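Start at 1 with the first residue, then count along the sequence. Order of listing sets the numbers, starting from 1, for every ligand and every atom in it. Since the structure is predicted, the reported quantities are computational estimates derived from the model, not experimental observations.
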Amino acid sequence: MLTFKDVSLNYGAFRALENINLHVEKGELVVLLGANGAGKSSIFRAASGLEKLSGGSIHLGGNTVSGMKPSNVVRHGLVQCPEGRKLFPQMTVLKNLMLGAYVHRGDKVENSRRLDEVMALFPILQEKAHDPAGSLSGGQQQMVAIGRALMGRPKVLCLDEPSLGLAPLVVKQVLEVVQSINQAGTTVVLAEQNAYAALKIATRAYVIERGRIVLEGDRESLMNNEAVRRAYIGA
Ligand code: ATP
(Lines give C-alpha, C1' and ligand atoms only; values in the text may rest on other atoms or scores of the structure.)
Protein backbone atom coordinates (compact mmCIF):
# COMPACT_ATOMS: atom_id res chain seq x y z
CA MET A 1 0.00 0.00 0.00
CA LEU A 2 2.73 2.49 1.05
CA THR A 3 6.34 1.89 0.05
CA PHE A 4 9.50 3.92 0.63
CA LYS A 5 12.35 2.97 -1.73
CA ASP A 6 15.79 4.19 -0.69
CA VAL A 7 14.41 7.49 0.54
CA SER A 8 16.91 10.13 1.61
CA LEU A 9 16.11 13.63 2.82
CA ASN A 10 18.42 16.54 3.51
CA TYR A 11 17.73 19.77 5.32
CA GLY A 12 20.48 21.91 3.84
CA ALA A 13 23.69 20.06 4.61
CA PHE A 14 22.01 17.92 7.30
CA ARG A 15 21.06 14.38 6.30
CA ALA A 16 17.76 13.68 8.14
CA LEU A 17 16.84 10.42 6.37
CA GLU A 18 19.29 7.94 4.88
CA ASN A 19 18.11 5.18 2.54
CA ILE A 20 14.79 4.49 4.20
CA ASN A 21 13.10 1.36 2.89
CA LEU A 22 9.77 0.60 4.43
CA HIS A 23 6.47 -0.85 3.39
CA VAL A 24 3.04 -0.86 4.89
CA GLU A 25 0.47 -3.40 3.75
CA LYS A 26 -3.21 -2.64 3.43
CA GLY A 27 -4.92 -2.98 6.80
CA GLU A 28 -1.74 -2.85 8.89
CA LEU A 29 -1.06 -0.62 11.87
CA VAL A 30 2.63 0.10 11.63
CA VAL A 31 4.42 1.92 14.43
CA LEU A 32 7.54 4.08 14.05
CA LEU A 33 9.65 4.11 17.20
CA GLY A 34 12.54 6.45 17.77
CA ALA A 35 13.89 9.11 20.08
CA ASN A 36 13.24 12.82 19.53
CA GLY A 37 14.95 13.88 16.35
CA ALA A 38 15.33 10.35 14.98
CA GLY A 39 13.46 11.26 11.80
CA LYS A 40 9.88 10.06 12.30
CA SER A 41 8.27 13.40 11.39
CA SER A 42 10.60 13.66 8.43
CA ILE A 43 9.27 10.32 7.17
CA PHE A 44 5.71 11.66 7.36
CA ARG A 45 6.62 15.00 5.83
CA ALA A 46 8.37 13.22 2.98
CA ALA A 47 5.35 10.96 2.39
CA SER A 48 2.97 13.93 2.44
CA GLY A 49 4.95 15.83 -0.18
CA LEU A 50 5.93 18.54 2.30
CA GLU A 51 9.66 17.95 1.79
CA LYS A 52 11.50 17.32 -1.45
CA LEU A 53 13.39 14.03 -1.40
CA SER A 54 17.13 14.03 -1.90
CA GLY A 55 16.92 10.50 -3.22
CA GLY A 56 14.60 7.54 -3.69
CA SER A 57 10.86 7.40 -4.22
CA ILE A 58 7.58 6.90 -2.39
CA HIS A 59 4.67 4.84 -3.73
CA LEU A 60 1.08 4.65 -2.64
CA GLY A 61 -1.03 1.90 -4.15
CA GLY A 62 0.01 1.87 -7.79
CA ASN A 63 1.08 5.53 -7.85
CA THR A 64 4.37 7.29 -7.29
CA VAL A 65 3.51 10.08 -4.87
CA SER A 66 6.99 11.53 -4.38
CA GLY A 67 7.15 14.72 -6.43
CA MET A 68 3.40 15.31 -6.11
CA LYS A 69 1.94 18.40 -4.47
CA PRO A 70 0.73 17.74 -0.90
CA SER A 71 -2.91 18.25 -1.93
CA ASN A 72 -2.50 15.60 -4.61
CA VAL A 73 -0.99 13.18 -2.12
CA VAL A 74 -4.11 13.65 0.03
CA ARG A 75 -6.30 13.04 -3.02
CA HIS A 76 -4.47 9.76 -3.55
CA GLY A 77 -5.33 8.72 0.01
CA LEU A 78 -2.38 9.55 2.26
CA VAL A 79 -3.44 11.92 5.02
CA GLN A 80 -1.29 13.15 7.84
CA CYS A 81 -2.31 14.19 11.33
CA PRO A 82 0.73 16.29 12.27
CA GLU A 83 2.60 16.47 15.53
CA GLY A 84 1.27 19.29 17.70
CA ARG A 85 -2.20 19.00 16.11
CA LYS A 86 -1.85 22.26 14.15
CA LEU A 87 -5.47 23.31 14.63
CA PHE A 88 -6.80 26.80 14.01
CA PRO A 89 -7.65 27.63 17.64
CA GLN A 90 -9.95 30.58 16.92
CA MET A 91 -12.01 28.67 14.40
CA THR A 92 -14.85 26.41 15.48
CA VAL A 93 -14.42 22.67 15.85
CA LEU A 94 -16.71 22.21 12.85
CA LYS A 95 -14.66 24.53 10.62
CA ASN A 96 -11.45 22.78 11.65
CA LEU A 97 -12.98 19.42 10.77
CA MET A 98 -14.25 20.65 7.41
CA LEU A 99 -10.79 21.95 6.49
CA GLY A 100 -9.74 18.32 6.33
CA ALA A 101 -12.21 17.83 3.50
CA TYR A 102 -10.84 20.78 1.52
CA VAL A 103 -9.49 18.70 -1.35
CA HIS A 104 -12.90 16.98 -1.63
CA ARG A 105 -14.89 20.20 -1.32
CA GLY A 106 -16.88 19.50 -4.48
CA ASP A 107 -18.47 16.40 -2.94
CA LYS A 108 -20.79 17.73 -0.26
CA VAL A 109 -22.87 14.57 0.12
CA GLU A 110 -19.90 12.36 0.98
CA ASN A 111 -18.36 15.08 3.18
CA SER A 112 -21.56 15.28 5.18
CA ARG A 113 -21.64 11.48 5.56
CA ARG A 114 -18.04 11.50 6.74
CA LEU A 115 -18.74 14.30 9.18
CA ASP A 116 -21.52 12.20 10.70
CA GLU A 117 -19.04 9.32 11.05
CA VAL A 118 -16.48 11.55 12.78
CA MET A 119 -19.15 12.89 15.15
CA ALA A 120 -20.23 9.33 15.92
CA LEU A 121 -16.62 8.37 16.67
CA PHE A 122 -16.13 11.47 18.88
CA PRO A 123 -19.54 12.42 20.34
CA ILE A 124 -17.95 15.21 22.40
CA LEU A 125 -17.12 17.03 19.15
CA GLN A 126 -20.80 17.15 18.27
CA GLU A 127 -21.45 18.93 21.57
CA LYS A 128 -18.56 21.34 20.99
CA ALA A 129 -19.05 21.79 17.25
CA HIS A 130 -19.54 25.56 17.48
CA ASP A 131 -16.91 26.24 20.14
CA PRO A 132 -13.48 27.56 19.18
CA ALA A 133 -11.13 24.59 18.84
CA GLY A 134 -8.65 26.31 21.15
CA SER A 135 -11.13 26.18 24.03
CA LEU A 136 -11.12 22.36 24.12
CA SER A 137 -8.94 20.19 26.35
CA GLY A 138 -5.76 18.69 24.93
CA GLY A 139 -7.36 15.30 24.41
CA GLN A 140 -10.40 16.82 22.72
CA GLN A 141 -8.15 18.90 20.46
CA GLN A 142 -6.37 15.70 19.47
CA MET A 143 -9.75 14.24 18.55
CA VAL A 144 -10.39 17.27 16.34
CA ALA A 145 -7.01 16.74 14.68
CA ILE A 146 -7.72 13.05 14.06
CA GLY A 147 -11.26 13.86 12.92
CA ARG A 148 -9.93 16.46 10.50
CA ALA A 149 -7.54 13.88 9.05
CA LEU A 150 -10.43 11.42 8.65
CA MET A 151 -12.34 14.07 6.69
CA GLY A 152 -9.48 13.85 4.16
CA ARG A 153 -10.62 10.26 3.39
CA PRO A 154 -7.39 8.48 4.21
CA LYS A 155 -6.54 5.08 2.84
CA VAL A 156 -3.32 5.48 4.83
CA LEU A 157 -3.55 7.63 7.95
CA CYS A 158 -0.21 8.93 9.28
CA LEU A 159 -0.40 9.95 12.93
CA ASP A 160 2.57 11.85 14.31
CA GLU A 161 2.74 11.58 18.11
CA PRO A 162 -1.00 11.83 18.74
CA SER A 163 -0.60 11.32 22.48
CA LEU A 164 2.07 13.99 22.98
CA GLY A 165 1.44 16.04 26.12
CA LEU A 166 -1.71 14.15 27.14
CA ALA A 167 -2.49 12.60 30.52
CA PRO A 168 -2.05 8.81 30.74
CA LEU A 169 -5.78 8.06 30.72
CA VAL A 170 -6.26 10.27 27.67
CA VAL A 171 -3.30 8.61 25.93
CA LYS A 172 -5.07 5.30 26.40
CA GLN A 173 -8.28 6.69 24.90
CA VAL A 174 -6.46 8.17 21.91
CA LEU A 175 -4.68 4.90 21.17
CA GLU A 176 -7.97 2.99 21.50
CA VAL A 177 -9.47 5.31 18.90
CA VAL A 178 -6.46 4.76 16.64
CA GLN A 179 -6.93 1.02 16.97
CA SER A 180 -10.65 1.24 16.19
CA ILE A 181 -9.97 3.38 13.09
CA ASN A 182 -7.54 0.70 11.94
CA GLN A 183 -9.98 -2.11 12.69
CA ALA A 184 -12.63 -0.29 10.65
CA GLY A 185 -10.34 -0.66 7.63
CA THR A 186 -7.95 2.30 7.48
CA THR A 187 -4.25 1.51 7.22
CA VAL A 188 -2.35 3.39 9.93
CA VAL A 189 1.24 4.53 10.39
CA LEU A 190 1.79 5.76 13.93
CA ALA A 191 4.79 7.56 15.41
CA GLU A 192 4.64 7.25 19.17
CA GLN A 193 6.85 7.91 22.17
CA ASN A 194 4.73 5.56 24.30
CA ALA A 195 6.43 2.54 22.81
CA TYR A 196 4.78 -0.11 24.92
CA ALA A 197 1.23 1.18 24.41
CA ALA A 198 1.86 1.63 20.69
CA LEU A 199 3.38 -1.81 20.21
CA LYS A 200 0.40 -3.38 21.94
CA ILE A 201 -1.87 -2.24 19.09
CA ALA A 202 0.71 -2.59 16.28
CA THR A 203 0.93 -5.16 13.54
CA ARG A 204 4.60 -4.32 12.93
CA ALA A 205 7.08 -1.63 13.86
CA TYR A 206 10.23 0.03 12.62
CA VAL A 207 12.87 1.48 14.90
CA ILE A 208 14.45 4.68 13.55
CA GLU A 209 17.76 6.05 14.80
CA ARG A 210 19.51 9.08 13.36
CA GLY A 211 17.57 8.92 10.10
CA ARG A 212 18.05 5.20 9.49
CA ILE A 213 15.91 2.13 10.06
CA VAL A 214 17.86 -0.01 12.50
CA LEU A 215 15.26 -2.67 13.24
CA GLU A 216 11.99 -3.96 11.86
CA GLY A 217 9.71 -6.63 13.18
CA ASP A 218 6.25 -7.73 14.20
CA ARG A 219 4.75 -6.82 17.54
CA GLU A 220 5.95 -9.91 19.37
CA SER A 221 9.52 -9.81 18.17
CA LEU A 222 9.96 -6.14 19.05
CA MET A 223 8.23 -6.44 22.42
CA ASN A 224 10.63 -9.24 23.26
CA ASN A 225 13.72 -7.56 21.81
CA GLU A 226 16.13 -6.74 24.62
CA ALA A 227 17.54 -3.58 22.99
CA VAL A 228 14.06 -2.26 22.24
CA ARG A 229 12.90 -2.97 25.77
CA ARG A 230 15.91 -1.20 27.22
CA ALA A 231 15.78 1.84 24.91
CA TYR A 232 12.06 2.39 24.49
CA ILE A 233 10.04 0.40 26.99
CA GLY A 234 12.24 0.72 30.02
CA ALA A 235 11.70 -2.77 31.42
P1 ATP B 1 10.43 14.51 17.20
O2 ATP B 1 9.72 13.43 17.89
O3 ATP B 1 11.24 15.39 18.08
O4 ATP B 1 9.57 15.28 16.23
P5 ATP B 1 11.41 13.05 14.95
O6 ATP B 1 11.87 11.65 15.07
O7 ATP B 1 10.06 13.27 14.36
O8 ATP B 1 11.53 13.78 16.33
P9 ATP B 1 12.34 14.84 12.88
O10 ATP B 1 11.44 15.96 13.30
O11 ATP B 1 12.02 14.11 11.65
O12 ATP B 1 12.50 13.80 14.07
O13 ATP B 1 13.80 15.44 12.78
C14 ATP B 1 14.92 14.68 12.32
C15 ATP B 1 16.15 15.55 12.36
O16 ATP B 1 16.03 16.58 11.37
C17 ATP B 1 16.37 16.27 13.68
O18 ATP B 1 17.75 16.29 13.94
C19 ATP B 1 15.86 17.66 13.43
O20 ATP B 1 16.53 18.62 14.23
C21 ATP B 1 16.18 17.86 11.96
N22 ATP B 1 15.22 18.74 11.29
C23 ATP B 1 13.87 18.58 11.23
N24 ATP B 1 13.30 19.53 10.48
C25 ATP B 1 14.29 20.35 10.07
C26 ATP B 1 14.36 21.55 9.26
N27 ATP B 1 13.26 22.08 8.71
N28 ATP B 1 15.58 22.09 9.07
C29 ATP B 1 16.70 21.56 9.59
N30 ATP B 1 16.72 20.43 10.35
C31 ATP B 1 15.54 19.84 10.59
Apply side-chain contact (heavy atoms from CB on, under 4.5 Å) to residues L157 and T187 and explain how you reach the verdict. CA-CA 6 Å; L157 175 62; T187 305; over 6 Å; no
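- Some N or O of G39 is nearer than 3.5 Å to an N or O of ligand 1, by distance alone.
- Under 4.0 angstrom from ligand 1, there are no non-hydrogen atoms of A191.
- Ligand-side atoms of ligand 1 in range of S41: 4 (O), 5 (P), 7 (O), 10 (O), 11 (O), range being under 4.0 angstrom from any heavy atom.
- Between V189 and F44, some side-chain heavy-atom pair lies under the 4.5 Å cut-off.
- Every atom of ligand 1 with a heavy atom of A35 under 4.0 Å away is listed here by number and element: 6 (O).
- Given atom 31 (C) of ligand 1, the protein heavy atom at minimum distance is Y11 CD1, 3.2 Å.
- At a distance under 4.0 Å, no protein heavy atom can be found next to atom 19 (C) of ligand 1.
- Of all the atoms in ligand 1, the ones that sit under 4.0 Å from a non-hydrogen atom of A38 are 5 (P), 6 (O), 12 (O).
- Atoms of ligand 1 found under 4.0 Å from any heavy atom of K40, numbered from 1 in the order shown, are 2 (O), 5 (P), 6 (O), 7 (O), 8 (O), 11 (O), 12 (O).
- Close approach to S42 involves these atoms of ligand 1, each under 4.0 Å from a residue heavy atom: 9 (P), 11 (O), 13 (O), 14 (C).
- A heavy-atom distance below 4.5 Å is found between the side chains of H59 and K5.
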